[in-house]
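Only one structure is covered here, and it is reproduced in the block below.
Positions are given from 1 along the sequence. What you see below is based on every heavy atom in this structure, not just the backbone, and it leaves out hydrogens, waters and symmetry mates. Ligands are counted one by one from 1 in listed order, and the atoms in each one are counted from 1 as well. Small disclaimer: the values here were computed from a predicted structure and weren't measured.
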Amino acid sequence: MNPDAFFALYRDLPQLGPGSDVCTREALKRLPPLPPSPRVVDMGCGVGRQTLVLAETLRTRVLAVDLHPLYLDQLEREARARNLSAFIEPRRADMGALDLPAGSVDLLWSEGAIYHLGFGPGLHRWRPMLAPSGLAAVTECSWLTDGRPAEAVRFWSEAYPSMGTVPENRATAEREGYEVLDTFTLPASAWWDYYTPLLQRIERMRPTADASLREVIQETEREIALYRDHGHSYGYVFYLLRVQ
Ligand SMILES: C[S@@+](CC[C@H](N)C(=O)[O-])C[C@H]1O[C@@H](n2cnc3c(N)ncnc32)[C@H](O)[C@@H]1O
């Protein structure tokens with residue numbers, strides 16, 4: 001996929017993956033109390049929809065990590081507009097190779113991004129950064145049903161072959177040294193909060209799209225059609241974890 005065409009379609013969207021402010025707040029509410037002035041990191045923050053909720057709710061500094069400066073710029077603009085700049089520290093870095101001191105994070109957040117590392121490898125990589133009894137809240141696309149439509153299996157075996165079920169991911173988290181405190185599945189509305197602006201963007205750009213943008217549009221439409229037809233069989237799940 002051509003990266004310029006990808007960014008042309010996905011830039012300036014309000015969020016870059018399924019999720020909602022309501023679900024972010026719900027996950028925060030379900031966690032045990034945090035220490036005063038908790039040290040918070042948001043891995044793969046993208047344009048920072050959830051970073052802004054964390055900053056606004058916790059009123060503490062959030063280190064917002066992403067590879068792409070365009071996304072971080074958008075987050076900075078939005079933080080300024082909401083008067084939250086003092087609480088957000090954008091950092092261009094690889095979340096798989098982040099050099100934070102051991103035990104220096106009280107709350108590690110990551111929505112719709114850990115799949116870039118893989119659920120187990122990501123949790124493994126991040127575990128040493130967490131303080132004793134440190135918390136992690138991570139969303140991961142997960143199989144939700146035993147019966148799986150062939151089309152969904154075909155799609156995900158190419159797009160994310162290691163996608164697990166909720167019990168499998170719970171076991172993975174435990175193996176990596178976390179206690180699973182809670183899990184909940186994001187509602188379909190959290191997917192449409194992401195897909196609806198994307199579909200509107202596609203309709204605007206389609207008439208003038210060149211070949212590489214048409215390819216990105218086709219891939220995106222395939223993903224959205226799959227969710228429309230088979231979204232009951234998979235979904236994003238919040239995994240709320242504590243270091244053991
Ligand atoms: C699907 S988006 C989710 C973004 C945001 N958390 C949200 O829910 O809107 C995944 C994000 O992970 C970022 N990303 C992918 N690999 C990364 C890496 N190795 N280090 C840091 N960020 C990465 C991408 O740039 C993208 O912003």
Expected list for residues 125-138: side-chain donor-acceptor pairs under 3.5 angstrom, two or more places apart:
unit_1, atom_1, unit_2, atom_2, d
R125, NE, G96, O, 2.7
R125, NH2, L98, O, 3.0
W126, NE1, M95, O, 3.0
R127, NE, G177, O, 3.2
R127, NH2, Q244, O, 3.2

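- Judged purely by distance below 3.5 Å, without hydrogens or angles, the side chains of N2 and E215 never pair a donor atom with an acceptor atom.
- Of all the heavy atoms in C23 and F238, the pair that sits closest is O-CE1, 3.8 Å.
- Ring pair Y239/F119: centre-to-centre distance below 6.0 Å.
- If you look at F7 and H68, their ring centroids are closer than 6.0 Å.
- Among protein residues, Q15, L16, G17, G44, C45, G46, Q50, D66, L67, H68, Y71, A93, D94, M95, E111, G112, A113, Y115, H116 come within 4.0 Å of ligand 1, judged on heavy atoms.
- Between W191 and Y194, a ring centre-to-centre spacing not shorter than 6.0 Å is recorded.
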